[in-house]
Amino acid sequence: SRTINDLKTCLANSDVIISLWVGNEIVGFGRALTDGIFRGVLWDIVIDQNHQGKGFGTLIVKNLLSSEKIKNTKKVYLMTTNKKQFYSQFDFKEVTTQNLLIHEL
């Protein structure tokens, strides 16, 4: 349900963007927002289903976390529906002392 214009705005306002290509086909993507010191958030880490299991997700997360804008950030957050185990390899831990709250338009 995302429009091209919304995606352009989303990317223009992201601090770090990583994309992976095979030839002229995008096969993976991830982005991050951060204040560069206290907090950062990883968003939209997606790998094309035909290219999953090839290490592309690992490559994207490692590059996001080591990027100049993120690497010194004290806390980096992410939300996941069903990939908790995948993110644990990067030392992400489940937090049970906080609640996720959302305000939607």
Side-chain angles (χ1 to χ4, degrees):
S1 65
R2 297 179 180 186
T3 67
I4 292 296
N5 284 337
D6 286 347
L7 289 172
K8 286 180 182 179
T9 301
C10 168
L11 294 176
N13 290 304
S14 294
D15 295 305
V16 183
I17 302 166
I18 304 290
S19 61
L20 289 174
W21 298 75
V22 173
N24 62 357
E25 176 188 13
I26 189 168
V27 298
F29 176 84
R31 66 185 184 97
L33 299 172
T34 185
D35 60 21
I37 297 173
F38 299 110
R39 301 290 185 266
V41 183
L42 303 189
W43 294 105
D44 301 324
I45 299 167
V46 180
I47 305 299
D48 180 274
Q49 65 182 12
N50 295 323
H51 294 277
Q52 292 180 1
K54 298 178 181 179
F56 291 154
T58 298
L59 190 59
I60 288 173
V61 174
K62 282 183 177 180
N63 277 277
L64 287 169
L65 293 174
S66 66
S67 67
E68 285 298 316
K69 291 189 174 188
I70 295 284
K71 70 180 182 181
N72 295 316
T73 304
K74 292 183 182 359
K75 288 187 181 181
V76 178
Y77 296 84
L78 69 83
M79 290 173 277
T80 184
T81 304
N82 56 9
K83 299 294 182 188
K84 199 170 20 174
Q85 176 116 12
F86 171 76
Y87 291 108
S88 69
Q89 70 183 301
F90 308 103
D91 295 326
F92 281 95
K93 296 175 181 28
E94 185 173 10
V95 175
T96 58
T97 58
Q98 295 181 328
N99 294 302
L100 172 66
L101 305 174
I102 296 177
H103 169 85
E104 293 185 272
L105 298 179

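- How far CG of Leu78 is from NZ of Lys83: 13.0 Å, rounded to the nearest 0.5 Å.
- Asp35 approaches Ile37 most closely through the heavy-atom pair OD1-N, 2.8 Å.
- Atoms CG and CG, from Leu65 and Asp91 in turn, are 9.5 Å apart once rounded to the nearest 0.5 Å.
- Applying the ring pair (Phe, Tyr, Trp, His ring centres under 6.0 Å) criterion to Phe90, with sequence neighbours excluded, gives Phe86.
- Linking Ile, Leu, Val, Met, Phe, Trp and Tyr residues whenever their side-chain heavy atoms come within less than 4.5 Å leaves Phe29 and Leu59 in two separate clusters.
- The hydrophobic cluster containing Met79 also contains Ile102, counting ILVMFWY residues as joined when their side-chain heavy atoms lie under 4.5 angstrom apart, directly or transitively.
- Residues Ser67 and Val16 come closest through the heavy atom pair OG-CG2, 3.5 Å.
- The two residues Leu42 and Ala32 have their closest heavy-atom pair at CD2-CB, 3.9 Å.
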Margin query: Ile45 vs Tyr87, test: side chain to side chain contact (heavy atoms under 4.5 Å, CB included). Steps then yes/no.
Written below: CA-CA 11 Å; Ile45 299 167; Tyr87 291 108; 3.7 Å; yes
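- Distance check: Glu94 CD to Thr80 OG1 gives 11.0 Å after rounding to the nearest 0.5 Å.
- Gln89 CD: more than 12 foreign heavy atoms inside a 6.0 Å radius.
- Using a 4.5 Å cut-off on side-chain heavy atoms (C-beta onward), Tyr77 and Leu100 make no contact.
- Placement of Ile60 and Leu33 in two distinct hydrophobic clusters is found when ILVMFWY residues are connected by side-chain heavy-atom separations under 4.5 Å, directly or transitively.
- Checking each of Asn13, Asp15, Asp44 against Arg31 for a side-chain hydrogen bond (donor to acceptor under 3.5 Å, both in side chains) leaves exactly one that passes, namely Asp44.
- The shortest heavy-atom contact between Ile26 and Ser19 is CD1-CB, 3.9 Å.
- Considering only heavy atoms from C-beta on, Val22 stays 4.5 Å or farther from Lys54 through its side chain.
- Of the possible polar contacts, one joining the Thr34 side chain to the Arg39 backbone as a donor-acceptor pair under 3.5 Å is found.
- Transitive grouping of hydrophobic side chains (ILVMFWY, heavy atoms separated by less than 4.5 Å) keeps Ile70 and Ile17 in distinct clusters.
- Note on Val61: it clusters hydrophobically with Ile18, by side-chain heavy-atom contacts below 4.5 Å among ILVMFWY residues.
- Around atom CD of Glu25, more than 12 heavy atoms belonging to other residues, nucleotides or ligands sit under 6.0 Å away.
- Considering CG of Asn50 and CD of Gln52, their distance stands at 8.5 Å, rounded to 0.5 Å.
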